[in-house]
Number of protein chains: 2
Amino acid sequence: MLNLLGEHHCKLDPKGPLLFPGKLRKQLEHHVHHGLVVNRDIFSKCLVIYPKPEWDKVNEEMSRLSRYNQKHQLFQRKFMKGATLIELDSNGRLLLPSALLEYAEIDIDENNECVITGLGEKMELWSSKNHDEVILDEDFDFGSLAEDVRKDIERNAQNQ
Amino acid sequence: MLNLLGEHHCKLDPKGPLLFPGKLRKQLEHHVHHGLVVNRDIFSKCLVIYPKPEWDKVNEEMSRLSRYNQKHQLFQRKFMKGATLIELDSNGRLLLPSALLEYAEIDIDENNECVITGLGEKMELWSSKNHDEVILDEDFDFGSLAEDVRKDIERNAQNQ
DNA sequence: TTATTAAAAAGTGGCGAAAAATGGTTGCGG
DNA sequence: CCGCAACCATTTTTCGCCACTTTTTAATAA
């Protein structure tokens with residue numbers, strides 16, 4: 001099972017919007033030749049990067065939606081719109097679509113620091129600024145969030 | 001079953017942010033070659049260190065969360081973000097990511113004293129300063145905390 | 001019982017290989 | 001013809017390894 005880990009700080013190449021940390025590349029080893037799929041996160045101003053095989057799962061889930069249901073179609077569009085298959089260049093760098101960078105508030109020209117974090121089967125790409133805000137959110141009530149999630153999981157277990 | 005114990009005081013290597021347990025290594029013996037996973041604690045300014053097999057359980061639990069549920073995603077991010085796989089070097093030292101050390105308020109340069117405590121299946125890493133403050137908190141009401149926990153355990157037992 | 005010695009573990013520093021950042025150049029497409 | 005992107009070469013830094021010093025612990029002998 002894929003278990004991407006680590007918090008990697010990196011810069012966008014000032015020339016083109018290129019990038020990519022090496023330790024993640026090692027963890028991806030056998031998966032990376034299939035390419036990566038980048039997309040906007042639905043909930044936060046960051047990008048999600050899936051190894052292609054993981055994205056295939058997403059795609060498979062989407063294919064189960066009804067073609068004739070407006071809500072399903074809207075959901076599919078919201079979720080998949082913008083997803084792009086990208087591959088590493090010979091230096092192990094990524095060329096990210098500028099529209100996606102813009103969404104994640106990553107500025108190509110100036111504040112080009114960003115953070116890639118491994119989250120098991122996927123990765124997230126944040127601008128340094130947004131990332132710090134998430135990390136340093138002191139008031140965040142993790143306890144009650146955890147409780148909500150726990151209830152969901154229990155309910156799920158009962159339904160099965 | 002793994003049962004890590006002890007309170008170990010140690011120093012960071014002044015060169016790089018290196019460090020090492022010692023007697024803990026003996027307790028880890030057969031687990032340590034798989035590596036260790038370090039992460040920020042959710043509630044306190046300290047780091048949590050899991051033997052890899054223990055972390056694998058966490059990762060497996062996380063993979064059951066819903067990709068399309070905002071709370072689940074937030075939970076996963078808060079919990080897993082920053083988790084890093086590290087291995088002991090040939091001298092039995094650990095190279096801890098500086099971003100994590102910073103979170104735990106462990107200063108590489110000056111006050112480089114820290115404390116590692118065994119907590120059964122995981123360990124905690126504290127700066128000496130923070131550790132003292134938490135441990136020596138005289139006003140802490142252990143009685144009512146214990147009572148709350150006891151209730152939780154009982155309720156859990158009834159639900160099963 | 002204490003002291004001395006030996007062996008192992010702990011702590012320190014430097015060196016070298018490998019990877020990552022940078023800059024320049026060429027080729028392709030619009 | 002211009003611009004962007006892929007490729008290549010060079011410099012710089014990181015970090016993993018190795019060798020050396022110091023401390024601790026244990027054992028044996030006085």
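Hydrogens, waters and symmetry mates play no part in the numbers below; they use all other heavy atoms, side chains included. Every chain is numbered from 1, with letters handed out A, B, ... down the list of sequences. Given the structure is predicted, the values throughout are model-derived calculations rather than measurements.
Look at CG on A:L95: it is 7 Å from C1' on D:dA5, rounded to the nearest Å. D:dA6 atom P lies 16 Å from atom CZ of A:F20, rounded to whole Å. To the nearest angstrom, P of C:dG23 lies 9 Å from CG of A:D13. Whole-Å rounding puts the B:L88 CG to D:dC15 P distance at 16 Å. Here the C1' atom of nucleotide D:dT13 and the NZ atom of A:K11 are 13 Å apart, to the nearest Å. Protein atom CG of A:D89 is 11 Å distant from nucleotide atom P of D:dC8, rounded to whole Å. What separates CD of A:E87 from C1' of D:dA5 is a distance of 15 Å, to the nearest Å. If you measure from atom CG of B:N91 to atom P of D:dT21, you get 15 Å, rounded to the nearest angstrom.
Of the candidate nucleotides C:dT12, D:dC17, C:dA19, D:dC17 has the atom lying nearest to any side-chain atom of B:S90.
When every heavy atom of A:L47 is checked against every heavy atom of A:L101, the shortest pair comes out as CD1-N, 4.3 Å. Considering every non-hydrogen atom in both A:G120 and B:N59, the closest pair reads CA-OD1, 3.7 Å.
Sequence order on DNA chain D of the closest nucleotides to A:K23 and A:R93 puts A:R93 first from the 5' end.
With respect to A:S44, the side-chain hydrogen bond (donor to acceptor under 3.5 Å, both in side chains) criterion is satisfied by exactly one of B:R77, B:Q73, B:Q70: B:R77.
Checked by atom type and distance alone, the side chain of A:H72 never pairs as donor or acceptor with a backbone atom of A:L65 at under 3.5 Å.
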